[in-house]
Asker: 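Take this structure first; my questions come after.
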Amino acid sequence: MVKTQKKIEVTWKSYFSSLQRDYDIKNEGIAIGEKRGEKRGEAARATATAKNLLAMDVLTNEQIAHAVGLPLKKVEELAAEKA
């Protein structure tokens, strides 16, 4: 009877440990996905802002790149699309 009880305890501990690992892995995946989404959103926002600044035709490409945090090459590509 004691051996059976110990086997049951070990089985349950193993099961709950497995559930905890699965939960941790799932939450880690969610966190990674959220970070990727935030980066994509920030990049889209910077691109949209750069396009708006290019449309205003007041700043140089270098100034726009500095203001929105995009590489100069990306701003020049956006400027070429505008033209």
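Position 1 is the first residue of the sequence, and the numbers go up from there. Keep in mind it's a predicted model, so treat the numbers as computed, not measured.
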Asker: Can L78 and K82 be said to form a side chain to side chain contact (heavy atoms under 4.5 Å, CB included), step by step?
Answerer: CA-CA 6 Å; L78 295 171; K82 177 189 141 205; over 6 Å; no
Asker: Drop me the distance from E42's CD to K39's NZ, to the nearest 0.5 angstrom.
Answerer: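 Result: 8.5 Å between the selected atoms.
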Asker: For K13, is there any backbone N or O sitting under 3.5 Å from a side-chain donor or acceptor partner on S17?
Answerer: no
Asker: When you look at OH of Y15, are more than 12 heavy atoms from neighbouring residues, nucleotides or ligands closer to it than 6.0 Å?
Answerer: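 No, because the 6.0 Å sphere around OH of Y15 holds 12 heavy atoms or fewer from other groups.
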Asker: With the 4.5 Å side-chain cut-off for hydrophobic clustering, are I8 and V10 part of the same group?
Answerer: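 No.
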Asker: Establish whether L70 and M56 are linked, either directly or via other cluster members, by ILVMFWY side-chain heavy-atom contacts under 4.5 Å.
Answerer: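 Shared cluster, yes.
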Asker: State, with a plain yes or no, whether a side-chain heavy atom of K74 is found less than 4.5 Å away from one of T47.
Answerer: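 SC-SC contact between K74 and T47 confirmed.
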Asker: Is there a donor-acceptor pair closer than 3.5 Å between any side-chain N or O of S18 and the backbone N or O of S14?
Answerer: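 Flag not set: sc S18 to bb S14 has no pair under 3.5 Å.
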Asker: Starting at CD of E9, measure out to CD of Q5 and round the result to the nearest 0.5 Å.
Answerer: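 Answer rounded to 0.5 Å: 5.0 Å.
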Asker: Measure across N61 and V75 and return the closest heavy-atom pair with its distance rounded to 0.1 Å.
Answerer: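 Closest approach of N61 to V75: O-CG1, 3.7 Å.
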Asker: Between T60 and Q63, which heavy-atom pair has the shortest distance, and what is it?
Answerer: N-OE1, 2.8 Å
Asker: Working to the nearest 0.5 Å, report the span between CD of Q20 and CD1 of I25.
Answerer: 10.5 Å
Asker: Shortest non-hydrogen contact from L54 to A79?
Answerer: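 Scanning both residues completely, I find the closest heavy atoms to be CD1-N, 3.6 Å.
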Asker: Does atom CD of E28 have more than 12 heavy-atom neighbours from other groups under 6.0 Å away?
Answerer: no
Asker: Measure the spacing between NE2 of H66 and CG of L59 and express it to the nearest 0.5 Å.
Answerer: 11.0 Å
Asker: Are I32 and I30 grouped together when hydrophobic residues (ILVMFWY) are joined by side-chain heavy atoms under 4.5 angstrom apart?
Answerer: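 They do not share one cluster, since no chain of ILVMFWY contacts under 4.5 Å joins I32 to I30.
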